Amino acid sequence: MVEEIKEKFSGKWKLDHSDNFDGFMTAMGVNFLIRKMAGMARPENDIHVEDDGTIVISTSSTFMKNEQKFKLGEEFEEINNFTKTKFKNMPTYENGCLRIVPTPVDPVNTPYPEYAERELTDTGDMCLTLKVGDVICKRYFKKIDS
């Protein structure tokens, strides 16, 4: 599975367009100003797999930087950049989709389920699907030269 992830997803990806990103950010409780700034950003994802099977997803834009390092099936912790909420994430890979399912450490103050799932489209773009409650956002990335 890790070799398939390496083959499909390794490289640099630049955001091309999004569907319902503002709705997603609103559902997460992100304030208006931050939503507008994040909506204008065109982040890049740099994805690679290390020799020991660790998957690294670095996201950067003029607005923020974030790095996720994990192995499939091993829980890892992360703090959401926008809401400052702490999550325990479970990464899986199934049917060509790299999925990260976060569980809030404090579910009382974070009452919504969410996930982030990356898959390749028929055109070779990477689609990142984000879900909070019944709100779904799709962000499409195009591969760029390193």
Side-chain angles (χ1 to χ4, degrees), residues 1-93 96-107 109-110 112-121 123-133 135-146:
M1 282 191 267
V2 173
E3 283 303 313
E4 185 176 328
I5 292 169
K6 188 176 188 177
E7 180 182 313
K8 287 178 134 183
F9 295 100
S10 286
K12 290 190 179 200
W13 301 85
K14 178 104 175 154
L15 180 69
D16 182 59
H17 67 280
S18 296
D19 296 333
N20 200 29
F21 186 60
D22 190 68
F24 167 76
M25 298 286 279
T26 300
M28 284 188 53
V30 176
N31 77 46
F32 178 81
L33 182 59
I34 293 174
R35 285 197 327 264
K36 294 307 165 195
M37 289 172 38
M40 292 187 322
R42 292 287 175 245
E44 289 184 9
N45 281 181
D46 186 357
I47 302 173
H48 69 273
V49 179
E50 296 179 345
D51 291 340
D52 68 353
T54 299
I55 299 163
V56 180
I57 302 174
S58 299
T59 303
S60 63
S61 72
T62 54
F63 184 66
M64 65 160 238
K65 291 185 189 295
N66 183 52
E67 183 176 80
Q68 295 176 313
K69 290 180 93 168
F70 56 88
K71 289 186 177 182
L72 293 177
E74 293 183 14
E75 189 174 75
F76 69 99
E77 287 192 358
E78 178 179 39
I79 296 176
N80 181 288
N81 283 336
F82 297 113
T83 64
K84 304 303 179 202
T85 304
K86 189 175 189 177
F87 291 94
K88 290 184 179 186
N89 296 324
M90 179 55 72
T92 60
Y93 186 75
C97 296
L98 179 58
R99 180 179 268 211
I100 297 175
V101 177
T103 301
V105 172
D106 182 6
N109 291 326
T110 314
Y112 48 82
E114 67 177 274
Y115 67 81
E117 182 175 87
R118 287 174 174 83
E119 63 186 322
L120 296 186
T121 66
T123 60
D125 295 339
M126 180 177 64
C127 178
L128 171 60
T129 302
L130 304 163
K131 184 172 192 259
V132 173
V135 176
I136 295 175
C137 166
K138 291 190 181 271
R139 307 195 87 194
Y140 296 91
F141 293 78
K142 292 197 175 292
K143 198 159 199 178
I144 57 174
D145 294 329
S146 302

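Being a predicted model, the structure only gives us computed values, none of them experimental.
Residues Ser18 and Phe21 share a closest heavy-atom pair of CB-CB, 3.9 Å. Across all their heavy atoms, Leu128 and Ala116 have their closest contact at CD1-CB, 4.1 Å. Taking both residues in full, the closest heavy atoms of Lys71 and Gly53 are given as CG-O, 4.1 Å, listed atom of the first, atom of the second, then distance. Considering every non-hydrogen atom in both Cys137 and Phe24, the closest pair reads CB-CB, 3.5 Å. Pairing each heavy atom of His17 with each of Leu15, the nearest pair is O-CD1, 3.6 Å. For the pair Gly124 and Trp13, the tightest heavy-atom approach, listed with the atom from each and the gap, is O-CZ3, 3.6 Å.
Counted within 6.0 Å of CD on Glu7, heavy atoms from surrounding residues, nucleotides or ligands total 12 or fewer; the atom is thus considered open. Counting heavy-atom neighbours within 6.0 Å of Lys14 NZ, excluding the residue itself, gives a total above 12. No more than 12 heavy-atom neighbours from other residues, nucleotides or ligands sit within 6.0 angstrom of CE on Met1.
Partners of Phe9 under the ring pair (Phe, Tyr, Trp, His ring centres under 6.0 Å) rule, at least two apart in sequence or in another chain, do not exist in this structure. Asp125 pairs by the salt bridge (Lys or Arg N to Asp or Glu O under 4.0 Å) definition with Lys142, not counting sequence neighbours. Residues satisfying the salt bridge (Lys or Arg N to Asp or Glu O under 4.0 Å) test with Lys138, not counting sequence neighbours, are none. The salt bridge (Lys or Arg N to Asp or Glu O under 4.0 Å) test applied to Lys6 returns no partner, not counting sequence neighbours.
Without hydrogens or angle criteria, Lys8 side chain to Ser10 main chain gives no donor-acceptor distance under 3.5 Å. Within the 3.5 Å criterion, the main-chain N or O of Val30 finds a donor-acceptor partner in the side chain of Arg35. Using modelled atom types, no side-chain atom of Lys69 and backbone atom of Ser58 make a donor-acceptor pair closer than 3.5 Å.
Remark: Met25 CE to Asn31 CG distance equals 9.0 Å, nearest 0.5 Å. One finds the CE atom of Met90 at 8.5 Å from the CD atom of Glu74 (value rounded to the nearest 0.5 Å). Taking CZ of Arg139 as the reference point, atom CG of Asp16 lies at 11.0 Å (rounded to 0.5 Å). Here the OG1 atom belonging to Thr123 is positioned 9.0 Å from the OH atom belonging to Tyr140, to the nearest 0.5 angstrom.
Lys36 places a side-chain heavy atom less than 4.5 Å from the side chain of Asp22. Within the 4.5 Å cutoff, side-chain heavy atoms of Ile55 are placed close to those of Leu72.
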(message) Run Tyr115 and Thr129 through side chain to side chain contact (heavy atoms under 4.5 Å, CB included) and show every step you take.
(response) CA-CA 8 Å; Tyr115 67 81; Thr129 302; 4.1 Å; yes

(request) Could you go through the side chain to side chain contact (heavy atoms under 4.5 Å, CB included) check for Lys131 and Glu114 one step at a time? (result) CA-CA 5 Å; Lys131 184 172 192 259; Glu114 67 177 274; 5.5 Å; no

(message) Run Phe70 and Asn89 through side chain to side chain contact (heavy atoms under 4.5 Å, CB included) and show every step you take.
(response) CA-CA 9 Å; Phe70 56 88; Asn89 296 324; over 6 Å; no

(request) With side chain to side chain contact (heavy atoms under 4.5 Å, CB included) as the test, would you mind laying out the steps for Lys143 and Met126 before giving the verdict? (result) CA-CA 8 Å; Lys143 198 159 199 178; Met126 180 177 64; over 6 Å; no

I'd like a table of donor-acceptor pairs (distance under 3.5 Å, sequence neighbours excluded) in which one partner is a side-chain atom from residues 39-50, with atom names and distances.
unit_1	atom_1	unit_2	atom_2	d
Asn45	OD1	Arg118	NH2	3.3
Asn45	ND2	Thr59	OG1	3.0

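The salt bridge (charged side-chain N to carboxylate O under 4.0 Å, His left out) analysis of residues 54-67, with sequence neighbours excluded, yields no pairs.
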